[in-house]
Participant: 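I have a structure here, written as structure tokens, and I will follow up with some questions on it.
Counting begins at 1 with the first residue of the sequence.
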Amino acid sequence: MEFVDKANFSQIKKLNRNDLIIFLIPVIIFSVYLAIFNPGIATIDSFNQLHQIASGHFTNWHPFFHTFIEMLCLKVYPSTISIAVLQILVFSTMWTVICRYVRKDNESNELFRIQIAFTAIMCLIPINALYSVTLWKDVLFSYLMMFLCFLAMVMIDKNGDVDYKFIIVISIVMAIIAEIRGNGMYVVAIALCVYAVYLFLKRNRKMSMLLVILTVASILLISSLNIAYEVEDNEKDAVMAKVIHMLADYDLNLEMEDADRAKIHELIQADKVKDYYMPTGTDPTLVIADLHHYKDNKGTYIGLAIKYSLKDPLHCMEYLLGSSPMVWNIVRDHWVGRPYYLDGNHDRLQSDFNSYYGKHNYTPTTPYENLSYANWGTPAFDTLNLMALGIEGSLLDTVFNSPALYMYLSIAILIVMHVMFNAPREIYLMYVPNLLNIIMIFVSTPIQDYRYLYANLLVCYLLIMVLIGLRHAHRSELESD
């Protein structure tokens, strides 16, 4: 049995009533959440970007391209609702294309009913509905990661026989991923090499070269916005945060040469390391570090981190596992971050607004910066708010939210697709982008926010939908025989 009908991707443009129904399910459910959580969910990071847009002074503390997208939304309609609407429409469109591809041309009523049920359940899971109206770069990043994995699956399904239209789409998706979040460039750089080599080995060398050329050109085009808008270079130094955090751990737990320990104490206040070091959070450690001293001696401190990592590799691995449990541990433990940025006893949107502007002594200049929930305290708001907070403290936090659970489940589904449904070995390549994102999070700054691995959940939903389609096709084949 073929993995999927190879001619089907070209038929996606022929949309019908069933496609509209699939499209409207997330639009309606997510719009209800947007109406109740009007004008959307924002955190201190969100207010940073909104203030940049309001002031016209841009920095790349957050990737500017995402700030630029938000700015365009606010020009269309000057409310953060417009940003959430864009996210809802992006997800709904991508999911409709995925479901259309899986259904193929037979439009089986049974398969369609299953797709409706699964889509509704997925959209009603609080993390998906709430993230669709949360103003984070990680949301669009995760949607695009899901779609990139889908496009990779299509490319594999067609055995590399793709045309220039497909290459244009996948190139644009990869370029946006590269520019919309800090680690996106690393993910895309490796994934681009993998897929270009795949096409080359499948003797589609013209498309292999075109994929590289168009992706790089698209990345450069998006990057040029930084020059056009005079974006100040204020990018987060993830390597610095990781090195300082790692050296604090090594200072507490490893035997060191006196000169090396003394050098570390020039960077980190020796008498405060024990009290400020937190295994799954870097911010407290950075408070007691001399960041300017690090920048002047960056090579020395990176060298010390590498030296003691190689000297005691078992402790290095223990440190990595301990600082990034979200990546591999199914059950949530004492992590710093949370899946939802909500509170049951006060308007979290208003408190984060006050926290950001109070800390920086900024004056809000436009209406969309001074945010508070329009429906705070209403029965509808309290119901959805308390339901999400209740999930955080229960077994459902693992069932609905655990990135590690969905990572393991995705790997299991890929194996089932290969072994039981004759999917080619190359099918594992479709998971490459998400696997790269997981690895980047594992070795980077230990902040345990679910949003960094939200793509795990979305890619797993994609795989479940594909598995449903394969099972249906397999059963139809058996019945026809």
Participant: For P403, does its backbone N or O pair with a side-chain atom of N456 as donor and acceptor, under 3.5 Å?
Facilitator: yes
Participant: State, without any angle test, whether N128 and Y461 hold a side-chain donor-acceptor pair at a distance under 3.5 Å.
Facilitator: yes
Participant: So, Q52 and H57: side-chain donor and acceptor under 3.5 Å apart, yes or no?
Facilitator: no
Participant: Under the 3.5 angstrom rule, does the side chain of E70 hit a backbone N or O of I83 as a donor-acceptor pair?
Facilitator: no
Participant: Is it true that a side-chain atom of N226 and a backbone atom of V231 form a donor plus acceptor pair closer than 3.5 Å?
Facilitator: no
Participant: Pairing donors with acceptors under 3.5 angstrom, does anything connect the side chains of N437 and R181?
Facilitator: yes
Participant: I'd like to know if the side chain of T59 reaches the main chain of E232, judged simply by a donor and an acceptor atom lying under 3.5 Å from each other, with no hydrogens or angles considered.
Facilitator: no
Participant: Would you please test E179 and M185 for side chain to side chain contact (heavy atoms under 4.5 Å, CB included) and show each step?
Facilitator: CA-CA 7 Å; E179 291 292 323; M185 186 66 74; 3.3 Å; yes
Participant: Are any of the side-chain nitrogens in R451 or D45 under 4.0 Å away from the carboxylate oxygens of its partner?
Facilitator: yes
Participant: Looking at side-chain heavy atoms only, is the closest gap between I302 and Y294 below 4.5 Å?
Facilitator: yes
Participant: Run S324 and V327 through side chain to side chain contact (heavy atoms under 4.5 Å, CB included) and show every step you take.
Facilitator: CA-CA 6 Å; S324 299; V327 173; 4.1 Å; yes
Participant: Taking K202 first and then D161, would you say they form a salt bridge - that is, a charged N and a carboxylate O separated by under 4.0 Å?
Facilitator: no
Participant: Answer yes if the ring centres of F30 and Y33 are under 6.0 angstrom apart, and no otherwise.
Facilitator: no
Participant: Just wondering, do Y450 and R332 contact through their side chains at under 4.5 Å, heavy atoms?
Facilitator: yes
Participant: Would you call the rings of H293 and Y301 parallel, tilted or perpendicular, taking 30° and 60° as the class edges?
Facilitator: perpendicular
Participant: Would you say S402's side chain and I330's backbone share a donor-acceptor pair under 3.5 angstrom?
Facilitator: yes
Participant: Side-chain donor-acceptor pair under 3.5 Å between Y250 and H245, yes or no?
Facilitator: no
Participant: Rounded to the nearest 0.5 Å, what separation is found between the CG atom of L457 and the CG atom of L405?
Facilitator: 8.5 Å
Participant: Considering all heavy atoms of both residues, which atom of A42 and which atom of D352 are nearest to each other, and what is their separation?
Facilitator: O-OD2, 4.0 Å
Participant: Would you check if the side chain of Y195 reaches a backbone N or O of L429 as a donor-acceptor pair within less than 3.5 Å?
Facilitator: yes
Participant: Do L463 and M430 have side chains that approach each other closer than 4.5 Å (heavy atoms only, starting at C-beta)?
Facilitator: yes
Participant: Contact between L458 and L462 at the side-chain level, heavy atoms closer than 4.5 Å - yes or no?
Facilitator: no
Participant: Could you tell me the separation between the CG atom of L72 and the CD1 atom of I53, rounded to the nearest 0.5 Å?
Facilitator: 9.0 Å
Participant: Do the side chains of S79 and L74 get nearer than 4.5 Å, heavy atoms only?
Facilitator: no
Participant: Are V187 and M145 close enough that some pair of their side-chain heavy atoms sits under 4.5 Å apart?
Facilitator: yes
Participant: Can you tell me how far the CD1 atom of I168 sits from the CG atom of D163, to the nearest 0.5 Å?
Facilitator: 8.5 Å
Participant: If you count the non-hydrogen atoms of other residues, nucleotides and ligands that lie under 6.0 Å from CZ in R338, is the total more than 12?
Facilitator: yes
Participant: Taking the side chain as C-beta and beyond, is there a heavy-atom pair between T280 and S323 under 4.5 Å?
Facilitator: no
Participant: Just to verify, which of W136, Y454, Y341 counts as forming a side-chain hydrogen bond (donor to acceptor under 3.5 Å, both in side chains) with D449?
Facilitator: Y341
Participant: How close do I22 and C99 get, heavy atom to heavy atom, and via which atoms?
Facilitator: CG2-SG, 3.9 Å
Participant: Got a second to check how far D283's CG is from M278's CE, nearest 0.5 Å?
Facilitator: 9.0 Å
Participant: Drop me the distance from I222's CD1 to S218's OG, to the nearest 0.5 angstrom.
Facilitator: 6.5 Å
Participant: Between E110 and R475, does at least one N-O distance fall below 4.0 Å, as a salt bridge requires?
Facilitator: yes
Participant: Just checking, is any N or O donor in the side chain of N183 or Y186 under 3.5 Å from an acceptor N or O on the other one?
Facilitator: no
Participant: Taking it one step at a time, do M146 and W95 satisfy side chain to side chain contact (heavy atoms under 4.5 Å, CB included)?
Facilitator: CA-CA 9 Å; M146 174 189 71; W95 189 251; 4.2 Å; yes
Participant: With no hydrogens and no angle check, just 3.5 Å: does a side-chain donor-acceptor pair link D397 and Y340?
Facilitator: no
Participant: Would you check if the side chain of T119 reaches a backbone N or O of I116 as a donor-acceptor pair within less than 3.5 Å?
Facilitator: no
Participant: Could you tell me whether a side-chain N or O of Y406 sits under 3.5 Å from a main-chain N or O of V399, the two making a donor and an acceptor?
Facilitator: yes
Participant: Between Q87 and S132, do the side chains contain an N or O donor and an N or O acceptor separated by less than 3.5 Å?
Facilitator: no
Participant: If you compare all heavy atoms of A305 against all heavy atoms of V243, which two are closest, and at what distance to 0.1 Å?
Facilitator: CB-CG1, 4.3 Å
Participant: Indicate the atoms forming the closest heavy-atom contact of M174 with A191, along with that distance.
Facilitator: CE-C, 3.9 Å
Participant: Heavy atoms, side chains only, cut-off 4.5 Å: are Y101 and I98 in contact?
Facilitator: no
Participant: Walk me through it: do F58 and F68 pass the test ring pair (Phe, Tyr, Trp, His ring centres under 6.0 Å)?
Facilitator: CA-CA 10 Å; F58 300 105; F68 178 76; 8.8 Å; no
Participant: Can you name the closest pair of heavy atoms from C73 and L86 and give their distance?
Facilitator: SG-CD2, 3.6 Å
Participant: Can a donor-acceptor pair be found, under 3.5 Å and without considering hydrogens, that links the side chain of N329 to the backbone of V331?
Facilitator: yes
Participant: Can you confirm whether more than 12 heavy atoms, excluding those of F200, are under 6.0 Å from its CZ atom?
Facilitator: no
Participant: Decide side chain to side chain contact (heavy atoms under 4.5 Å, CB included) for S444 and K242; before the verdict, give the C-alpha distance in whole Å, the side-chain angles of both, and the deciding distance to 0.1 Å.
Facilitator: CA-CA 6 Å; S444 65; K242 185 66 176 181; 5.7 Å; no
Participant: Hey, what do you get for CG (L111) to CD1 (I468), rounding to the nearest 0.5 Å?
Facilitator: 8.0 Å
Participant: So, for H472 and F112, is the gap between ring centers shorter than 6.0 Å?
Facilitator: no
Participant: Distance-only, no hydrogens or angles: does the E426 side chain make a donor-acceptor pair with backbone N or O of I156 under 3.5 Å?
Facilitator: no
Participant: Would you name the heavy atoms of A241 and T282 that are closest together and state the gap between them?
Facilitator: O-CG2, 4.1 Å
